[in-house]
Amino acid sequence: MKSEPESFSIDDLKNRPNQTEHWDGVRNYQARNMMRDEMKLGDQVFFYHSNCAEPGIVGIMEVIREGYPDFLAFDPKSNPEKPTWMMVDVKYVRTLSRTITLTELKQKQELSDLALVRRGNRLSIMPVSKQQWDFILSQE
DNA sequence: GCCAACGTTGGC
DNA sequence: GCCAACGTTGGC
């Protein structure tokens with residue numbers, strides 16, 4: 001999951017009460033669908049800092065509540081049965097010992113299929129396979 | 001339903 | 001600050 005550190009960083013998450021936060025504000029259907037359908041309780045998630053001096057993976061968090069309506073999204077067309085926008089709750093797990101930069105990720109043959117490094121991908125939430133996950137952590 | 005214009009994202 | 005790559009909007 002991407003976030004611009006200037007608005008919400010891994011440290012901000014760490015300093016939240018209970019080190020948890022709802023991941024609100026996602027207004028993209030593909031990302032919404034991932035929160036609705038894919039992200040399960042207990043899933044581990046990389047925290048990615050975007051749009052900053054050193055874009056890259058900075059930490060790990062965990063899904064502690066599965067997709068539910070984003071109550072901050074006022075949309076007159078949405079009804080409680082079928083909310084337009086959804087969010088999940090996440091909890092801080094740990095900060096990596098160093099930032100694994102986008103530059104590095106792009107250079108690894110093993111990560112050529114990683115959605116993040118595919119050209120032009122601006123999705124704020126992207127899938128990571130078990131193999132990709134393990135490989136990325138091995139680079140820490 | 002097409003597609004041009006426009007807005008946003010995000011690396012550089 | 002620039003600009004490529006998308007997503008969305010809205011006229012037709």
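Naming: A, B, ... by sequence-line order, numbering from 1 per chain.
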Enquirer: Ring centroids only, cut at 6.0 angstrom: are Y68(A) and W85(A) within range, meaning strictly under it?
Expert: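 No, the ring of Y68(A) stays outside the 6.0 Å limit from the ring of W85(A), centre to centre.
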
Enquirer: Would you tabulate the nitrogen or oxygen pairs shorter than 3.5 Å linking the protein to nucleotides 6-10 of chain B?
Expert:
from	atom 1	to	atom 2	distance (Å)
dT8(B)	O2	R122(A)	NH1	2.6
dG10(B)	OP1	K2(A)	NZ	2.9
dG10(B)	OP1	R122(A)	O	3.0

Enquirer: Test of understanding: with side-chain hydrogen bond (donor to acceptor under 3.5 Å, both in side chains), list the residues that count as partners of E66(A), not counting sequence neighbours.
Expert: none

Enquirer: What is the separation between atom CD on E104(A) and atom P on dC12(B), rounded to the nearest whole Å?
Expert: 13 Å

Enquirer: Dump every N/O contact between nucleotides 2-5 of chain B and the protein below 3.5 Å, one line per pair.
Expert:
none

Enquirer: Considering every strand and a 4.0 Å limit on heavy-atom distances, what is the contact class for Q30(A): base, sugar-phosphate, or nothing?
Expert: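 Since only primed, P, OP1 and OP2 atoms lie under 4.0 Å of Q30(A), the category is sugar-phosphate.
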
Enquirer: Would you call T20(A) and R65(A) a side-chain contact if the rule is heavy atoms closer than 4.5 Å?
Expert: no

Enquirer: Could you list the residues that satisfy ring-ring contact (aromatic ring centres under 6.0 Å, His included) with Y48(A), not counting sequence neighbours?
Expert: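 Expected list: none.
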
Enquirer: Output all residues satisfying ring-ring contact (aromatic ring centres under 6.0 Å, His included) with F46(A), sequence neighbours left out; order by chain, then residue number.
Expert: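 Only W133(A) meet the ring-ring contact (aromatic ring centres under 6.0 Å, His included) criterion with F46(A).
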
Enquirer: Going by the rule side-chain hydrogen bond (donor to acceptor under 3.5 Å, both in side chains), which residues pair with S9(A) if we only count those two or more places apart in sequence or in a different chain?
Expert: D12(A)

Enquirer: Taking the side chain as every heavy atom from C-beta outward, state whether V45(A) and V88(A) have any atom pair closer than 4.5 Å.
Expert: no

Enquirer: Between D70(A) and R32(A), is there a salt bridge with N-O shorter than 4.0 Å?
Expert: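 No, R32(A) and D70(A) are not salt-bridged.
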
